[in-house]
Every structure is written in C-alpha cells, then in structure tokens.
Amino acid sequence: MLKNRARTAIAAAITAAAIFAVSGAAQAQQAPMAGDMKPAMAAPMMADRAKLLTSPGVFGNFSTYKLRSDYYKLSAAERKGAAAEVMAVVEKHKANIIADAYLTRGFEAQSDYFLRVHSMDMAATQAFLVDFRATRFGMYSDVTENLVGITKALNYISKDKSPDLNSGLSSASYTGDAPRYAIMIPVKKDAAWWNRSDEERLKEMEVHTQPTLQYLVNVKRKLYHSTGLDDTDFITYFETNDLGAFNNLLISLAKVPENKHHVRWGSPTVLGTIQTFETVVKTLSMGN
Amino acid sequence: MLKNRARTAIAAAITAAAIFAVSGAAQAQQAPMAGDMKPAMAAPMMADRAKLLTSPGVFGNFSTYKLRSDYYKLSAAERKGAAAEVMAVVEKHKANIIADAYLTRGFEAQSDYFLRVHSMDMAATQAFLVDFRATRFGMYSDVTENLVGITKALNYISKDKSPDLNSGLSSASYTGDAPRYAIMIPVKKDAAWWNRSDEERLKEMEVHTQPTLQYLVNVKRKLYHSTGLDDTDFITYFETNDLGAFNNLLISLAKVPENKHHVRWGSPTVLGTIQTFETVVKTLSMGN
Amino acid sequence: MLKNRARTAIAAAITAAAIFAVSGAAQAQQAPMAGDMKPAMAAPMMADRAKLLTSPGVFGNFSTYKLRSDYYKLSAAERKGAAAEVMAVVEKHKANIIADAYLTRGFEAQSDYFLRVHSMDMAATQAFLVDFRATRFGMYSDVTENLVGITKALNYISKDKSPDLNSGLSSASYTGDAPRYAIMIPVKKDAAWWNRSDEERLKEMEVHTQPTLQYLVNVKRKLYHSTGLDDTDFITYFETNDLGAFNNLLISLAKVPENKHHVRWGSPTVLGTIQTFETVVKTLSMGN
Amino acid sequence: MLKNRARTAIAAAITAAAIFAVSGAAQAQQAPMAGDMKPAMAAPMMADRAKLLTSPGVFGNFSTYKLRSDYYKLSAAERKGAAAEVMAVVEKHKANIIADAYLTRGFEAQSDYFLRVHSMDMAATQAFLVDFRATRFGMYSDVTENLVGITKALNYISKDKSPDLNSGLSSASYTGDAPRYAIMIPVKKDAAWWNRSDEERLKEMEVHTQPTLQYLVNVKRKLYHSTGLDDTDFITYFETNDLGAFNNLLISLAKVPENKHHVRWGSPTVLGTIQTFETVVKTLSMGN
Amino acid sequence: MLKNRARTAIAAAITAAAIFAVSGAAQAQQAPMAGDMKPAMAAPMMADRAKLLTSPGVFGNFSTYKLRSDYYKLSAAERKGAAAEVMAVVEKHKANIIADAYLTRGFEAQSDYFLRVHSMDMAATQAFLVDFRATRFGMYSDVTENLVGITKALNYISKDKSPDLNSGLSSASYTGDAPRYAIMIPVKKDAAWWNRSDEERLKEMEVHTQPTLQYLVNVKRKLYHSTGLDDTDFITYFETNDLGAFNNLLISLAKVPENKHHVRWGSPTVLGTIQTFETVVKTLSMGN
C-alpha cells in the first residue's frame with residue numbers, strides 16, 4: 001500500500017486534472033524512459049521498476065486500444081506532436097506508475113496497441129490513464145479491453161509445498177535473445193476447480209508446471225490475480241523472441257488436466273511487439 | 001411505495017420535461033450534496049439517504065456510461081459548464097432520489113463512469129435519469145449497461161433461520177480506511193439452484209457466508225434483487241479500500257458449492273473509484 | 001385474416017409510401033388516441049382495440065429503439081414537431097393497427113423506448129412501421145430488437161384439460177392501481193421440452209401456473225407465440241404497478257421444473273413505463 | 001458448372017467493374033423483371049428462373065442489409081433515382097443470376113431488406129453483388145449477414161430410400177393464396193448428428209418429415225447445403241401467406257428428436273415480405 | 001528464423017515508418033507480382049514464394065477487412081490512386097513477406113476482402129501491415145478479424161507413424177481447373193482432445209484423413225498452428241474451383257469422431273475469390 005504522502009499526491013493529481021490543466025508543452029522537454037524492459041534510472045521521484053515488476057501486492061493494469069479512423073484526418077503535423085504530449089504524461093506520473101507499451105496492429109483485430117501499467121495503488125494507475133486519455137492520442141483511442149490484477153507470492157509451487165519444482169523454476173533462466181514479443185492471455189477457472197481442495201489443486205498445478213520447465217530459457221512469464229476485480233481469475237503475461245517455442249509451451253499446457261477447468265483461456269489472446277511508448281505512438285501516427 | 005403527493009410530483013416532472021423545459025442556468029446556483037457516502041443533510045424535501053440505503057423495498061438502479069469521442073470536440077469552455085448543469089438536475093430531483101457516481105475510466109473498457117440511483121419509486125429514478133440524459137454531459141454519454149433491483153430484508157441468514165451467522169454478520173463492522181473503490185457484480189443462478197428446497201438453499205448460503213465473515217472489517221456489501229426486472233437475479237455491490245482483501249473475499253466465494261450454480265457472475269464486473277458526481281463530470285471533461 | 005378490402009388498402013398504403021408521399025402536415029391536425037390502455041373509440045375505420053387485445057390469431061410486434069445522438073443536434077424547434085408527425089402516422093394507420101409506446105430510457109441500455117403493435121395482418125404492421133421509420137423521429141431511431149408473435153387460445157390450462165386451474169385463472173382479476181410499468185420477456189424452450197408428450201408438458205404447465213395465481217391481482221399478463229417467426233418461442237408481456245410483486249412472481253416461476261428447459265428467458269428483459277405515444281416522443285425530444 | 005464462355009463473361013464483368021464503369025444511366029431504360037416468383041421471360045441472355053429454382057448444383061446466396069442513417073440525409077431527389085440505378089445492375093447481370101428482394105423493416109432489428117441470389121457460379125453472384133454495392137443504394141447499405149449454399153437432389157427422403165414419404169412430398173402441393181411472406185432460417189447440426197450412420201439419420205428425417213406433410217398446402221420450402229461454405233450446415237427458406245400455419249409447422253419440427261441436434265436454428269431467423277426489387281428500394285427510399 | 005541482417009532491415013523499416021515516410025509515389029513505378037499462386041520470380045531481394053509456402057517454421061497471418069462507408073465519399077480520382085499506393089507498399093516489403101489478397105464482398109458480412117501474409121519473422125509481417133494500414137486504402141479499412149499461425153512438418157500422418165496414409169497424401173495431387181476460390185476456417189479443439197495420448201490422437205487423425213483423400217484432386221489445403229498465438233488452435237486454408245466438392249469434403253469431416261472435439265470450427269468461415277492484390281483494391285474502389 002502507498003504511504004500517505006503518495007496517496008495525497010495522487011489525489012492532488014486527479015484534482016489538478018479536473019481543473020482542465022494538462023500543460024503538456026512545458027513538460028514535454030524531458031521525454032522520460034519508461035519504455036519496456038529497461039531498468040528505470042534510480043532518479044528521485046521515480047517508481048522503482050525492478051521492484052514493481054517483482055514484488056507481491058503490485059497492481060497490474062492491461063488495456064487495449066484501437067485508434068479511431070478520424071485520427072488520420074488530423075494533419076500530419078498535429079499527429080507529429082502526439083508522442084511528445086503522451087511522454088509528458090508518462091513523465092508527470094513517473095513517481096507512481098510504470099507504463100509499458102506494445103504494438104498490436106497487424107496481429108490483432110480488436111486493438112492497435114496495448115498498455116501495461118504497474119503501481120502500488122490502483123488510484124495512481126487511474127490518475128495516469130485519465131491523463132493519458134486526455135491527450136490528443138488518447139482521445140482518438142477507443143479502449144477495447146481492460147483487465148486489472150494484483151501480484152502475489154507463488155501460492156502453489158512454493159518452497160514449502162513443492163520444493164523440487166520450485167527449485168526447477170528458480171534454477172533455469174531466460175537465455176534467449178532479447179524478447180521482441182509479448183502475449184497477454186486471461187484465464188478463468190470453473191467452479192469445479194475452485195471447489196477442489198488445496199491439495200488437489202496443488203497436484204494439478206504440479207502437473208501443469210512440469211512440462212513448462214523446459215521453456216524457461218526462451219519464454220518469460222508473469223502472473224496477476226483478478227478474481228472479483230474483473231471477469232477473469234488470472235492475467236498471464238509472457239515475453240519471448242521465439243514464437244514457435246511459445247506455441248509449443250501453450251500446447252503442452254493444453255495437454256494437462258487443468259485445461260478441462262478453463263472457462264476462459266484467451267478471448268482475447270493479445271500478441272504485440274515490445275516497443276517504447278514513444279515508438280508505439282509515432283508508428284501509429286504515420287500516414288498522409 | 002410513494003405517497004400520492006410524491007407520485008404526482010414525479011408525473012409533473014416528466015410532463016415538465018416533455019415541455020422542453022430544462023432551465024439549467026437558474027437552478028445551477030445551489031449545487032446540492034448528493035455525492036457519495038456522505039449522509040444527506042436533513043433538509044426539507046430531500047430524500048433520506050440513510051433510510052434509502054438501509055430499508056427494504058428501495059429500488060436501486062445501476063447504469064454505466066461511456067462518453068462519446070465527439071464530447072471532446074466541444075470547446076473546453078462548453079465542457080467546463082457540464083458539471084453545474086448536471087448538479088442542477090441532481091438538485092431538482094433531490095426530494096425523490098439519491099445518486100452516487102463512480103469513475104471507471106482506466107479500469108473498464110465498456111464505461112467511463114457509472115451511476116447508482118436509489119428511490120422509493122422506479123418512475124422517480126426514470127424521471128431523474130431522463131433529465132440527466134438531457135444535459136449536455138448526458139447527451140454525449142452512451143449508456144452501456146443498466147441493471148435494476150429492489151432491496152429486501154435478509155431472507156436466508158435471518159435471526160430466525162440462522163441465528164449464529166446472523167449475529168456474526170451483525171457483530172463485525174467495517175474498520176478500514178474510508179473506501180475509495182466500489183465494485184458492482186451481477187449474479188444469476190441456474191434453474192437447478194432455484195428448484196432446490198428453501199432448506200437446501202439456506203444450507204448453501206450458510207456455507208457461502210461463513211468464509212466471508214472475516215472480510216466484514218474491510219469490505220462493505222449491499223444486495224439488490226433483480227429477477228424479472230433485468231437479465232440477472234442479483235446485483236451485488238461492494239465498497240473497499242483494500243482491493244487485495246476484496247480479491248481474497250471473492251476467491252473464497254468461488255470455492256463454495258454455490259458457485260456451481262452461477263450462470264452469470266460479473267459480465268460485467270465494474271470497478272470504479274468513489275467520487276462526488278461533480279468530480280466525475282469534471283474529470284471526464286478535461287482535455288484540450 | 002384480413003378481408004380483401006383491407007388487404008388491398010394495406011397494399012395501397014405501401015405503394016403510396018413508395019411514391020415518397022408522407023404528407024404529415026395535413027394529417028397532423030387530428031392527433032388520434034391510439035395511446036396505451038385506453039379503449040379505442042368505436043369510430044368507423046378504427047381498429048377494435050378490445051378485440052385485438054383479446055382475440056386469438058392476432059399478430060403482436062415488439063420493437064425496441066435507441067435514439068441516435070445526432071437527434072439532439074437538430075434544433076429544439078425541429079424536435080418539437082416530432083410528436084405531431086408521429087401521431088399523424090398513427091392516425092393514418094388506425095384502421096389496421098393499434099400501437100402502444102413505452103419509455104425505457106433510464107431502465108435499459110439497449111433502448112430508449114419500445115413499441116407494441118397489434119394487427120390482424122403482419123403486412124399492416126409492416127406498413128405502419130415503415131411509415132413510422134420515415135418520420136423524423138423514426139429516422140433518428142435505431143431499432144435494437146424486434147420480436148414477432150401471434151396470439152392463440154390457451155392450449156395448456158384450458159377448460160377441458162385443466163378445469164380447476166382454468167377457473168382459478170378466470171376467477172381472480174387485477175385489482176391494483178392502474179399499472180405504470182410494462183415488462184417484455186422472450187422465452188425459448190429446449191428440444192427436450194418440445195420432445196415431451198403433450199401430457200407431460202401439461203403437467204409442467206400446471207405446476208408453473210399454480211404459484212402464479214396469487215399474482216393475478218397485481219400483475220397482468222399476455223402471451224404471444226413466436227416459434228419460426230423469430231429466435232424465440234414465446235413473448236411474455238406483463239403490466240403492473242407493483243414491481244416488488246412482479247419480482248416475486250418471476251422468482252416463483254424460476255422455482256418450478258419448467259425453468260430447466262429455458263434456453264432463453266429474457267435477453268433482453270425490457271422494462272418500461274406505460275406512456276402515450278405522444279409523451280414518449282416528447283420526453284425523448286427534450287434537451288437544448 | 002458454367003461453360004467457358006459464361007465464365008469469361010463474368011471475368012470480363014469483374015474487370016469492367018474494376019475500371020470504374022457503372023454507366024447506370026444508359027442501362028436504366030429497360031427495367032428488367034427479376035422480381036420474385038414470376039417466371040422469367042425466355043429472352044435470350046436471361047438466366048432461366050425456373051431451372052435455377054429447381055435444379056441441383058445451383059448456388060444460393062442470402063444477404064441481409066441495413067440502410068445507414070445518412071442515406072436519409074441525401075435529398076429526396078437523389079434517393080428517387082436509387083431504384084433505377086439498382087435495376088440497371090440487375091439488368092446487366094440478368095444472363096448469369098436471378099435476384100429476389102424482400103422487405104424486412106418492421107420485422108427485424110438487424111436488417112431492412114434481404115436478397116436471395118441464384119446462379120450456376122458463385123463468381124457470377126459475387127460480380128452482381130459487387131456491382132450492387134457500388135450503386136448509391138448499395139453504398140448506403142451495411143451488409144449484416146451473408147450465407148451461401150448449394151442445392152442438391154433430395155438425399156434422405158428419396159424415391160429409393162423412403163418411397164412412401166417421397167410420394168407424400170410429391171403428391172401434395174401449395175394451394176393457398178400467393179405467398180406474401182418469406183422466412184430464412186439457418187440450421188447447424190451437432191457432431192453427434194453427423195457421426196450417426198446414414199440409416200439412423202434417414203430414420204430421424206422420416207420422423208421429421210411426417211408431421212410436415214400437412215403443411216405442403218400452405219408453406220413452400222427450399223433447402224441449401226452450406227457446410228464449409230459458411231458457419232451453418234443448411235439454409236432453409238420458406239414462403240407462405242399463412243404465418244399461423246407456419247408457426248405450427250415449426251412447432252411440429254421442434255417436437256421431433258432431430259431438434260436435439262440443432263446447435264443453430266435461426267440466429268437469425270429472417271422474416272420479410274416478398275416484394276419486387278424495385279419496390280424494396282423505393283419503399284426504403286421514402287422520407288423527407 | 002531470420003538472419004541478423006534481415007532482422008536489422010525490418011527494424012529499420014519500422015523506424016523509417018515512424019518518421020512519417022511513405023513516399024509511395026516514387027516506388028509505385030514498378031508494381032510487383034505478389035499475386036496468388038504464381039511462383040515468385042527469383043529476383044534478388046524478393047522473398048522466395050515457393051519456399052515460404054512449403055517450409056515449416058513460416059508465419060502465416062490472416063486478416064479480414066471491411067471498407068468504411070466514407071471511403072466512397074472520396075472522389076473517384078482519389079480512389080483511383082489507391083491500388084498504386086498499396087502496390088508500392090507490397091514492393092517495399094517484397095524481400096521479407098509475400099502477401100495474397102482475396103475478395104470476399106458478396107460472400108461475407110464481416111469483410112470485403114482478406115489478406116494472407118507469409119514471412120519468416122512476425123515482425124516483418126507487422127512492418128508490412130503497419131505500412132499497408134497507412135495507405136489511403138488501408139486507412140479506410142477496418143480490420144475485423146486477425147489470426148496468426150506457424151507452419152510445422154506433418155506431426156500426425158507422417159512417414160513414420162502412418163506410412164500408408166502418408167503415401168496416400170503424397171501420391172494424389174490437384175488436377176482440377178486453377179482454383180478461383182479460397183476458404184479460411186479456424187479450428188479449436190477441446191481439453192478432452194488435448195488430454196488424449198498421442199496414440200489416440202493419431203488414430204483419430206487417421207480416421208479424419210481417410211475420407212479426405214478422394215478430394216486431393218480438387219481441393220488444396222494448408223495448415224497453420226496457432227495455440228497461444230491467437231484464440232484458435234489451427235487455421236485451415238483451402239483453395240478449390242469446385243465448391244460442391246468442397247462442401248462434400250467438409251461434410252465428410254463433420255462425420256468423423258474428431259468433430260466432437262471442436263469448440264470452434266469456423267466463426268468465421270471466410271470464403272473469397274482468389275485475386276491479385278491490385279484487382280481487389282480496384283474492384284472495391286469502384287462507384288461514383
């Protein structure tokens with residue numbers, strides 16, 4: 001949870017926003033580096049990227065967007081300024097959130113890009129996204145999906161409950177090329193799954209985990225818990241540079257009994273390329 | 001049920017509306033206090049907030065809205081006046097309804113905000129919402145979901161039928177920080193559920209209630225009955241400041257057998273921040 | 001079925017329509033009384049309301065509409081004339097159809113109002129609705145649902161097959177306040193239901209009917225058969241002034257075994273207030 | 001299959017279309033008679049209507065359309081010319097296709113009209129519909145459903161396999177008034193159906209056919225096979241002047257065991273009045 | 001996988017795109033030959049069509065598009081230039097991708113055309129599609145479906161596991177007329193399927209393959225694997241000139257037990273005519 005001072009700052013941000021003040025021009029001078037996978041500089045007043053990406057109790061927010069066609073009726077000059085205005089908003093909120101952006105155009109019908117935002121406080125995430133939507137680029141974007149989750153410590157394959165698999169998970173690490181692709185897949189389990197005992201679910205998750213160990217070297221994973229926060233139980237997030245290996249990993253997950261309890265697995269499955277926020281905005285602002 | 005005088009007043013309001021009379025300017029002078037969670041002042045001609053939020057036989061109306069993109073093509077000046085016009089409508093109807101507003105932008109794809117309206121008479125709710133939709137802000141809002149329910153006395157875990165659990169429900173109370181978040185989740189049960197005997201359903205609800213007791217301290221709840229009024233059986237409404245605890249509460253509800261009878265649980269799950277009506281309008285009117 | 005003369009008149013109406021002739025101005029002088037629940041005057045050339053609402057073999061057409069946002073970009077003056085133009089169309093068709101209108105704004109997301117049209121000939125209904133859609137108000141309305149059915153004599157709880165229940169149905173009658181609310185609920189049964197013998201279905205319908213008898217005093221009902229005419233088997237229509245009683249009635253119907261055979265029950269459930277056609281148009285034409 | 005010459009003609013038509021040449025004005029002089037149910041004149045270069053409607057191996061294309069609201073922002077004069085432009089396209093393609101049109105406005109939410117096009121070659125159907133969509137009326141129409149099928153000789157109730165029923169089907173014929181209504185209902189069967197033996201399916205179809213014999217006198221039927229061509233297995237098409245009898249026919253089909261294998265039966269069920277193509281365009285072009 | 005040089009080239013292409021540079025005019029001089037089924041010329045810097053269409057590890061991208069109605073509000077002159085601009089983009093990317101285009105207007109409600117793009121690297125596919133969407137034609141196109149897959153060597157009916165069927169698959173080959181039609185059908189299997197042993201699935205696929213052998217002479221097929229990349233497991237693609245034979249092939253596939261494991265088979269089934277990219281753009285740019 002946020003300390004009181006930060007929470008007050010967020011409240012102030014919302015209030016400021018409500019006074020119609022997005023003085024983007026002035027702030028656009030120093031485009032920040034909240035792009036993907038790069039460790040955040042240890043600047044004062046900047047959210048700790050490494051910590052947010054590894055701690056439990058962090059909120060993850062995934063939102064997909066489609067640019068409306070009238071965006072391309074703006075002059076090229078107007079669209080040219082879009083990236084700077086967006087980056088000023090990222091800069092404004094850098095103490096409270098980190099934001100990653102992904103380009104999905106060409107891979108998805110329901111989106112052109114998606115955002116992943118982490119924070120210690122959902123209100124901080126909302127304050128950022130409200131400001132983002134008030135930029136020109138945000139105004140011309142329709143949000144097409146929005147999923148919310150919270151990170152937790154491993155609750156099945158922990159050191160205590162499943163020591164061998166846990167050490168398997170810890171010993172191997174990603175050795176492939178820097179990932180260029182990210183995949184977001186929501187997962188919802190049926191009532192029969194949730195009504196099983198903890199032991200039964202642990203056993204299923206061990207069977208689930210075994211075949212995935214071999215893919216630790218070329219697929220990174222991250223899990224968010226969403227029950228009650230959204231119409232899914234989990235948000236699974238992956239990064240890879242080897243989509244063929246990723247396809248094989250997901251087939252191996254289809255083959256375990258746990259799969260019989262999926263009432264939602266995808267819908268949507270969202271595939272994008274990992275980009276800096278600035279590149280996403282610039283790439284989608286092309287055209288004459 | 002409403003007394004005759006009130007009912008006549010509502011009819012008059014609708015008729016007045018039909019005569020194209022929304023003289024917003026004059027009424028905008030005294031912005032009322034129908035915001036969230038604050039007890040309504042005991043002014044004459046003002047709906048009794050405490051009573052409406054605790055009595056059986058009260059109608060609850062939940063509606064979600066998405067602002068159309070052309071709202072942001074209005075000048076900033078025009079948008080600046082939106083909040084006053086909306087608050088004048090709230091003031092006009094304050095004798096018959098109470099209205100709470102929540103900001104969902106950044107959390108939801110299908111809405112930017114949602115409203116919860118209580119009244120003793122659904123026609124009064126309609127009269128208010130018709131007037132709200134006739135404001136500039138309302139005109140630029142598309143309603144994306146609308147659910148209607150009625151409050152009732154506890155019908156399972158009552159003093160008579162389940163005295164221990166009933167006293168458990170009564171003894172604990174919310175002790176957390178003032179809630180900043182609200183969640184609305186529709187629930188529909190299958191035919192097998194409804195065809196069970198009252199005793200069997202009582203037993204299931206006891207199993208349902210037991211694990212929820214520990215969350216009384218950090219999650220508030222309210223229930224509305226909707227069978228036949230809408231395509232859901234119940235509307236469940238929660239307030240909390242601890243989304244992690246809320247996630248755990250909903251997981252515990254997923255683990256009881258009653259969950260096997262859910263044909264709708266969410267769809268949508270709507271998460272928003274609790275705001276004053278005025279702040280919601282102002283926040284969404286930003287942008288240049 | 002219609003007599004030949006009437007059928008010819010309808011054909012002529014369609015043809016006339018095709019010649020771009022909706023001379024609304026002239027006809028708008030005498031606004032007719034085809035509003036809701038009032039018995040039609042026994043004027044020559046006017047459909048017999050009482051007969052159409054009680055006879056078998058009558059076609060019922062339910063259509064829901066949402067006003068497009070650009071309607072409110074018309075000047076208030078233009079919108080002011082909408083009601084007269086609509087009422088002229090009702091007047092033009094009064095010999096062949098009766099039309100009831102309901103205000104759903106504030107209760108439904110998918111509609112602002114709905115219409116119920118009765119006639120002895122579906123082509124007459126179409127001729128009316130084609131003309132209605134050619135009015136300014138109709139042009140700015142998007143139809144969001146359209147269900148078609150036909151009335152029949154009671155085929156389960158008849159005097160012969162189930163004399164006691166039949167007399168129960170006949171003996172009690174509505175004694176509540178004039179209904180202010182109408183609810184339309186489509187119903188579709190599964191193949192298992194239809195494959196049961198007539199006797200088995202009769203038995204189920206008796207169990208279905210028993211708990212509903214007590215609500216005859218405060219809920220009116222009407223049934224339309226739709227198999228093959230639309231993607232539903234039945235359209236059930238209710239009027240009441242007591243939404244709490246109605247909620248209890250529908251819960252009692254959820255509790256009988258017949259409910260296990262519902263593949264559609266609602267979707268949508270449409271709740272509206274009973275209004276005159278003129279009031280619906282005027283109410284939705286407000287705003288400045 | 002088409003002879004080479006015809007196929008070349010179609011290819012030429014597509015190429016011509018690609019050269020932006022729809023010289024509607026010149027061709028509009030002789031409005032053709034491709035309207036419904038009337039036998040085509042045996043003119044040279046005109047598709048043989050009787051043959052196309054009775055032969056196996058003919059392609060049937062069903063498409064539903066909704067007029068966009070901006071059509072009514074065109075001047076009445078512009079809309080007045082719509083029918084002639086459409087009929088010129090029908091005339092242009094009369095050697096290769098026959099096109100029937102139906103008015104659904106007032107009966108359906110998802111369409112204002114639908115088309116049924118027959119040809120010996122799907123490319124000819126496409127060439128026609130591409131040209132139709134390039135007319136002003138076609139440009140302002142959104143296609144909302146499109147189903148494709150092929151006719152075959154009776155494969156269950158044939159002379160060999162089921163002689164009695166086959167003669168029953170042949171002996172009775174339509175004796176009612178000229179049908180004014182057409183209904184299009186897609187049908188898809190489940191895997192269990194398709195995995196039954198031919199004998200078992202024949203037996204089911206005999207049970208299916210028996211109760212339908214009595215409706216041969218007032219309901220006409222036609223069947224198209226669609227597996228793999230679209231997301232349905234069959235398109236069933238009916239014409240009648242007696243919608244009550246049609247409702248009874250479909251109820252009798254709901255009562256046979258085959259119904260248990262329907263995964264799609266309708267969705268949409270499309271009901272329209274049988275009209276000439278010209279009347280459909282003119283009727284929907286009304287309004288001022 | 002791509003060699004480093006090619007990957008750098010793609011990155012450069014994306015960057016260039018981000019600098020608002022689509023200098024279509026200059027490149028439009030030499031319209032390339034990336035049309036369907038024709039072997040690509042062995043020019044330097046051109047993707048090897050034959051290899052991409054037969055190798056494992058190739059990415060296939062299927063996207064369907066609907067032209068927005070406002071495209072037809074552009075002047076005919078503006079639309080006339082659309083094809084050259086699109087072909088310049090195809091030319092620009094010819095070293096990295098091959099693109100096939102299909103006309104679906106007249107067959108499908110959800111699309112006017114679809115694209116199939118092959119590459120050794122998904123980022124190359126994205127770079128092409130981003131540029132395509134930045135053309136005028138692309139800007140006025142709404143993408144309505146997008147499926148992604150990867151090719152693999154035969155994994156069931158291989159020489160080792162099922163030698164007879166494998167040789168059956170190899171011995172027969174397409175002998176019909178040049179195919180004019182293509183069909184794309186997504187397939188998703190249930191958890192029970194994936195949880196079967198490899199041997200059981202092999203046996204099912206043998207039963208699946210047997211009845212398809214006779215259609216090798218008139219239907220071509222190609223398979224893409226999509227699990228985890230999209231909400232489908234497979235994309236099946238067919239080409240034929242005999243839609244009747246194709247319908248029979250798919251019925252024979254409906255009749256094998258494997259069909260019981262389909263949770264998605266179609267939805268959408270997309271049928272189009274095989275065209276050059278240029279013809280697709282020109283045909284859809286018609287109208288005045």
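These numbers come from the heavy atoms of this one structure, side chains and all, not from hydrogens, waters or symmetry mates.
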Partner chain C: residue of D:P268, D:G266, D:A83, D:A254 with the largest heavy-atom pair count (under 4.5 Å): D:A254

Classify the side-chain pair D:Y113/D:T283 by whether it contains a donor and acceptor separated by less than 3.5 Å. no

Look at the rings of C:H225 and C:F234 and say which category their plane angle falls in: under 30° parallel, 30 to 60° tilted, over 60° perpendicular. perpendicular

With only heavy atoms counted, which part of D:L271 is less than 4.5 Å from chain C, the side chain, the backbone, both or neither? side chain

Would you call the rings of C:Y224 and C:H118 parallel, tilted or perpendicular, taking 30° and 60° as the class edges? tilted

Chain D heavy atoms under 4.5 Å from C:S63: which part of the residue, side chain, backbone, both or neither? neither

Do NZ/NE/NH1/NH2 and the carboxylate oxygens of C:E85 and C:R136 come within less than 4.0 Å? no

Between D:E239 and D:K222, is there a salt bridge with N-O shorter than 4.0 Å? no

List the atom of C:M122, the atom of C:S119, and the distance in Å for their closest heavy-atom pair. N-OG, 4.0 Å

Under the side chain to side chain contact (heavy atoms under 4.5 Å, CB included) test against C:K188, which residue among C:D233, C:T227, C:D230 passes? C:D233

Contacting moiety of D:Y71, where chain C heavy atoms sit under 4.5 Å: neither

Heavy-atom distance under 4.5 Å to chain D: side chain of C:K189, backbone, both or neither? neither

Tell me, out of C:L147, C:L115, C:N61, who's got the most heavy-atom pairs with chain D below 4.5 Å. C:N61

Side chain from CB out, backbone as N, CA, C, O: work out which of these in C:F62 comes under 4.5 Å of a heavy atom of chain D, or both, or neither. neither

Checking C:T64 against chain D: side chain, backbone, both or neither under 4.5 Å from a heavy atom? neither

Taking every heavy-atom pair that is under 4.5 Å apart, which of C:V143, C:L129, C:D190, C:N195 has the most such pairs with chain D? C:N195

Less than 4.0 angstrom from a charged side-chain N to a carboxylate O is my criterion; do D:E200 and D:K203 meet it? no

Please state whether the side chain, the backbone, both or neither of D:V270 comes within less than 4.5 Å of a heavy atom of chain C. neither

Check whether C:R68 gets within reach of chain D through its side chain, its backbone, both or neither, counting any heavy atom under 4.5 Å. side chain

If I measure from the heavy atoms of chain D, does C:D70 come under 4.5 Å with its side chain, its backbone, both, or neither? side chain

Region of C:D231 in contact with chain D, defined by heavy-atom distances below 4.5 Å: both

Tell me whether the rings of D:W193 and D:H261 are parallel (<30°), tilted (30 to 60°) or perpendicular (>60°). tilted

